[in-house]
Amino acid sequence: MVPRSYPLEHVRNIGIIAHIDAGKTTVTERILYYTGRTYKIGEVDEGTAVMDWMEQERQRGITITAAATTCYWQDHNINIIDTPGHVDFTAEVERSLRVLDGGVVVFDAVAGVEAQSEAVWRQADRYYVPRVCFINKMDRIGANFDRSLSMIEERLGANPLPIQLPLGSEASYEGIIDLVENKAWSYSRNTDSEPQEVAIPESEQAKCNEFRQVLIEKIAECDDQIMAAYLEGTTITPAELKLALRRVTLSNKGVPILCGSALKNKGVRPLLDAIIDYLPSPLDMPPVRAIDTRQGTEVIRPARDDAPFSALAFKVVSDPFVGRLVYLRVYSGKVEAGSQIFNSTRGRKERIGRLLLMHANRREEVAVADTGTIVATLGLKDTFTGDTLCDSSQPLLLESIRFPEPVLSVAIEPRTKADQDSMGEALRKLTEEDPTFKVDYNQETGQIVISGMGELHLETIVSRLLSEFRVGAKVGKPQVAYKETITIPVKSEGKFIRQSGGRGQYGHVCLELEPVERGNGFHFIDRIKSGAIPKQYIPAVEIGIKEAMEVGILAGYPLVDIKVTLYDGSYHEVDSSEIAFKMAASMALKDGVAKAHPVFLEPIMKLNIVTPGEFLGDVIDDLTSRRGHINSIETEAEMLTISSLMPLAETFGYTTAIRSLTQGRATSSMEFYCYQELAAELADRNKIISRRYA
């Protein structure tokens, strides 16, 4: 077995996360260049970025799929995942953060904290991912470091610890002032030139002293060692400050803030140093917790090569050249190419084929995947996103990955008979890759309906069908993924009785249906007393209810947010069966829903608009006409930020509309917020019932 090339404490698994167009991919491209991973800097605008390797990414100039790579800096191994910034591809961020140890959050120095910045920050909070922040684009007109700092504190609820200040601003931006070392560095336009140490300008001395003092005080509040030195009045060395910063960052009590201009190659080397100095190795993270599938008890797997093997599959990709790739994060132990492992999620044994270190869409074969490694493998036929892989002698289940439900649907059909067969296979591969992409066959219309997170998401899927999988397809108009629910509590009864000679079927249930708060889903409660229904039939009742909830009574949309209590019923000693109780439960639910004043629920989007003040009236009028609700309006210089809520049904084509209203000067971004009840008159007006899958 090949020995580990880097000690585990010298491994960093990090993600680059941010709002769309903050400069994530540009930062990653510079990191790859300065670490020697690439010999030429790739540019997003020119379509030459290494990490944006898909045809759709290069055409649109945005990241669509999370791309992994490995590079080396200061005798450390850094595994990087460059994630998308657009809300439609939030699943890529979710699954990346699930398996990463640290994150680099990139902010636009002009825009500060944007809508999707908040979303990815909350995702990182959910997984307790330690972070450093890089305030990018300091050379742009309107760049404001201090404003970005205050937005990080106010909007994200973070504790920002600026360890750098910009040297100059906007067009005169030339480098950074390092508050830890108390030094200033200037960068030339030559990408290969080393930064030059320069004297801190006298005009900046007072600000530097103030910021450094505040930095030490903030760290002292979170770190006992620095607090003791601070109270005793002893000098705190840069080395001590770095160690304390690392402790504070790893405990998620503070976030180091750096700045630069990735496009102009300024500040990237110090960012790499910060990744090494402040972000965790696998050893710094708590041991992974899992459930022993044999005992049902919690077990811990330490991050050691000699521990039993455990890994999480977090991504599946259909590579046109090598086939089906499964990305793994190894949490403990090690695995060799060709070895047999156990998929405890599916209860199946699998054999690892080749092991590949990925560099975007390029591959480097390795013999062994050690603890802490992010690697892709060939040969796993029955492994999907979120599955746990482990040693068959010590099976366990790691926490899986949760993904949001799709909110937008379109009908799609093959152009020819030949396309029909290839479309089925292509859609199967795409659903394996993307857990937020769903495919449904509508029995009533005979149509294939695909669902995703938004217009751009579905556009990308269709584009891949046409170009990558060579499938001819016709696509209908987008349809909103409505839901149905009830509004009042009711009681209902279902009896399923069949006699056809010989043994019959008998099932009888009494249910109580109650609405619950939005987003609480389905709750089933068993309150059967005195054996009115034998215990072996209770699971069949719950299954019958769940299956009936998949198709609502108004327009066939799924039923949600319902509490169902089974409180009575009866059985027959000979004729009762699981299928009979399943059918009785289904009948009772449908009967109860019909009496419980069912309504439609529609998806509501959180919409953020940044517009020049002169267009405010037109933008608000348009929002109001689209049933939009304005939460707040913030002013920054000549630009206004409008935070609002808008029904998804009203957002189609909104990007084009807002550009037309503002001469192309306004920008907007949206993300799913919640489901809300749709008024009955609007349901009639929109003809929801008749237009489903139209």
Side-chain angles (χ1 to χ4, degrees), residues 404-407 440 442-444 480-498 505-572 576-604 647 674-684 686 688-689 692:
E405 287 295 314
V407 296
D440 179 38
N442 184 260
Q443 298 286 353
E444 297 172 8
V480 176
Y482 292 95
K483 308 278 189 192
E484 298 179 22
T485 192
I486 61 174
T487 55
I488 61 170
V490 296
K491 290 186 177 181
S492 65
E493 185 177 11
K495 278 187 178 181
F496 183 75
I497 304 173
R498 294 287 185 273
Q505 296 284 355
Y506 182 92
H508 172 217
V509 299
C510 296
L511 304 178
E512 184 176 357
L513 278 57
E514 300 173 71
V516 297
E517 287 187 15
R518 295 289 167 263
N520 279 8
F522 167 66
H523 299 276
F524 176 74
I525 298 174
D526 172 19
R527 285 196 183 149
I528 291 294
K529 296 178 181 178
S530 305
I533 298 176
K535 288 191 177 297
Q536 67 263 31
Y537 298 133
I538 304 297
V541 172
E542 184 175 1
I543 291 170
I545 293 168
K546 285 182 177 178
E547 289 184 357
M549 286 179 63
E550 292 176 5
V551 182
I553 68 164
L554 292 178
Y557 290 104
L559 283 157
V560 295
D561 300 338
I562 297 177
K563 183 171 89 170
V564 180
T565 303
L566 173 63
Y567 69 91
D568 201 2
S570 61
Y571 74 103
H572 190 280
S576 285
S577 65
E578 289 187 0
I579 188 67
F581 275 99
K582 184 176 166 184
M583 294 299 296
S586 177
M587 293 162 62
L589 183 93
K590 290 178 180 178
D591 177 62
V593 169
K595 297 185 295 186
H597 297 180
V599 294
F600 286 109
L601 297 176
E602 65 173 340
I604 304 296
C674 69
Y675 271 90
Q676 286 184 2
E677 184 177 332
L678 178 67
E681 62 271 16
L682 290 172
D684 292 341
N686 293 334
I688 293 172
I689 296 174
R692 189 182 187 204

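Note that these values count all heavy atoms, side chains included, but never hydrogens, waters or copies made by symmetry. Index from 1, following the sequence.
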Peer 1: Hey, are Lys483 and Glu602 close enough for a salt bridge, meaning a charged N less than 4.0 Å from a carboxylate O?
Peer 2: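 Here Lys483 does not pair with Glu602 in a salt bridge, since their nearest N and O are not under 4.0 Å apart.
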
Peer 1: Can you tell if the side chain of Gln505 reaches within under 4.5 Å of the side chain of Ile579, non-hydrogen atoms only?
Peer 2: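 Gln505 reaches Ile579 side chain to side chain.
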
Peer 1: Is the terminal nitrogen or CZ of Lys491 (NZ for Lys, CZ for Arg) located under 6.0 angstrom from the six-membered ring centre of Tyr567 and within 45° of that ring's axis?
Peer 2: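 Judged by the rule (NZ or CZ under 6.0 Å from the ring centre, within 45° of its axis), Lys491 counts as positioned above Tyr567.
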
Peer 1: Find out whether Phe581 and Val541 are in side-chain contact, i.e. whether some heavy atom of one side chain is under 4.5 Å from a heavy atom of the other.
Peer 2: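 Of all side-chain heavy-atom pairs linking Val541 with Phe581, at least one is under 4.5 Å.
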
Peer 1: Measuring from atom NZ of Lys595 to atom CD1 of Ile488, what distance do you get when rounded to the nearest 0.5 angstrom?
Peer 2: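 It comes to 9.5 Å.
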
Peer 1: Would you indicate whether the side-chain heavy atoms of Ile604 and Tyr675 approach each other to under 4.5 Å?
Peer 2: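 No, too far: nothing below the 4.5 Å cut-off.
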
Peer 1: Are the side chains of Leu589 and Leu559 in touch, meaning some heavy atoms are under 4.5 Å apart?
Peer 2: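 Sidechains of Leu559 and Leu589: in contact.
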
Peer 1: Between Val509 and Lys495, is any pair of side-chain heavy atoms under 4.5 Å apart?
Peer 2: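 Answer no - side chains too far apart.
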
Peer 1: So how far is it from Ile538 CD1 to Ile543 CD1, rounded to the nearest 0.5 Å?
Peer 2: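 That separation rounds to 12.0 Å.
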
Peer 1: State, yes or no, whether a side-chain contact exists between Phe524 and Glu542 at a heavy-atom distance under 4.5 Å.
Peer 2: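 Yes, their side chains come closer than 4.5 Å.
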
Peer 1: Are Leu566 and Leu511 side-chain neighbours, meaning at least one heavy-atom pair lies under 4.5 Å?
Peer 2: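 In contact.
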
Peer 1: Using modelled atom types only, decide if a donor and an acceptor are shared between the side chain of Glu484 and the backbone of Tyr557 within a distance under 3.5 Å.
Peer 2: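 Checked: pair present.
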
Peer 1: Looking at Pro603, is its backbone amide N or carbonyl O close enough to the side chain of Gln676 to form a donor-acceptor pair, meaning the two atoms are under 3.5 Å apart?
Peer 2: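 Not at all, since once roles are kept as given, no pair shorter than 3.5 Å links the two residues.
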
Peer 1: If we only count heavy atoms from C-beta on, is the Glu677 to Phe600 side-chain gap below 4.5 Å?
Peer 2: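 Result no, sub-4.5 Å side-chain heavy-atom pair not found.
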
Peer 1: Output yes when a side-chain donor or acceptor of Ser576 lies under 3.5 Å from a complementary backbone atom of Tyr506, and no otherwise.
Peer 2: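 Yes, the answer is positive, given that a donor and an acceptor are paired below the 3.5 Å cut-off.
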
Peer 1: What is the minimum heavy-atom distance between Gly494 and Ala588, and which atoms define it?
Peer 2: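 Between these two residues, the closest heavy atoms are N-CB, 3.5 Å.
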
Peer 1: Please answer whether the main-chain N or O of Ser492 pairs with a side-chain N or O of Asp591 as donor and acceptor at a distance below 3.5 Å.
Peer 2: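 No.
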
Peer 1: Could you verify whether a donor N or O on one side chain and an acceptor N or O on the other, from His508 and Glu493, lie under 3.5 Å apart?
Peer 2: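 There is such a pair (donor and acceptor under 3.5 Å, judged by atom type) between the side chains of His508 and Glu493.
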
Peer 1: Would you say Ser586's side chain and Ile545's backbone share a donor-acceptor pair under 3.5 angstrom?
Peer 2: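 Not a single qualifying donor-acceptor pair exists.
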
Peer 1: Ignoring hydrogens, what is the shortest heavy-atom contact between Tyr482 and Leu678? Give both atom names and the distance.
Peer 2: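 Heavy atoms only, the tightest pair is CE2-CD2, 4.0 Å.
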
Peer 1: What pair of heavy atoms forms the shortest contact from Gly507 to Ala580, and how long is it?
Peer 2: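 Closest approach of Gly507 to Ala580: N-CB, 3.8 Å.
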
Peer 1: Answer yes or no: is there a donor N or O on one side and an acceptor on the other, between the side chain of Thr565 and the main chain of Ile525, under 3.5 Å?
Peer 2: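 No.
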
Peer 1: Do Arg518 and Leu601 pass the side-chain contact (heavy atoms from CB on, under 4.5 Å) test, and can you show the C-alpha distance, the side-chain angles, and the key distance before you say yes or no?
Peer 2: CA-CA 9 Å; Arg518 295 289 167 263; Leu601 297 176; 3.3 Å; yes

Peer 1: State the CD1-NZ distance between Ile528 and Lys535, to the nearest 0.5 angstrom.
Peer 2: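 Nearest 0.5 Å value for the CD1-NZ distance: 9.5 Å.
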
Peer 1: Write down the atom of Gly531, the atom of Tyr571, and the distance for their closest heavy-atom approach.
Peer 2: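 Closest approach of Gly531 to Tyr571: O-CE2, 3.7 Å.
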
Peer 1: Give me the atom names and distance for the closest heavy-atom approach of Gly592 to Leu513.
Peer 2: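 Answer, listing the atom of Gly592 first, then Leu513: C-CD2, 3.8 Å.
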
Peer 1: Taking Cys510's backbone N and O only, do any of them form a donor-acceptor pair with Asp568's side chain (distance below 3.5 Å, no angle check)?
Peer 2: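 No, Asp568 side chain to Cys510 backbone: no donor-acceptor pair under 3.5 Å.
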
Peer 1: Is His597 reaching over with its side chain to a backbone N or O of Ala594, donor-acceptor style, under 3.5 angstrom?
Peer 2: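 Checking the backbone N and O of Ala594 against the side chain of His597, no donor-acceptor pair under 3.5 Å is found.
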
Peer 1: Can you check side-chain contact (heavy atoms from CB on, under 4.5 Å) on Asp561 and Glu517, steps first, answer last?
Peer 2: CA-CA 7 Å; Asp561 300 338; Glu517 287 187 15; over 6 Å; no

Peer 1: Start with the C-alpha distance between Val516 and Ile562, add both sets of side-chain angles, then the distance that settles side-chain contact (heavy atoms from CB on, under 4.5 Å), and finish with yes or no.
Peer 2: CA-CA 6 Å; Val516 297; Ile562 297 177; 5.9 Å; no

Peer 1: Could you grab the distance from atom OG of Ser577 to atom CD of Gln536, nearest 0.5 Å is fine?
Peer 2: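 With rounding to 0.5 Å, OG (Ser577) is 11.0 Å from CD (Gln536).
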
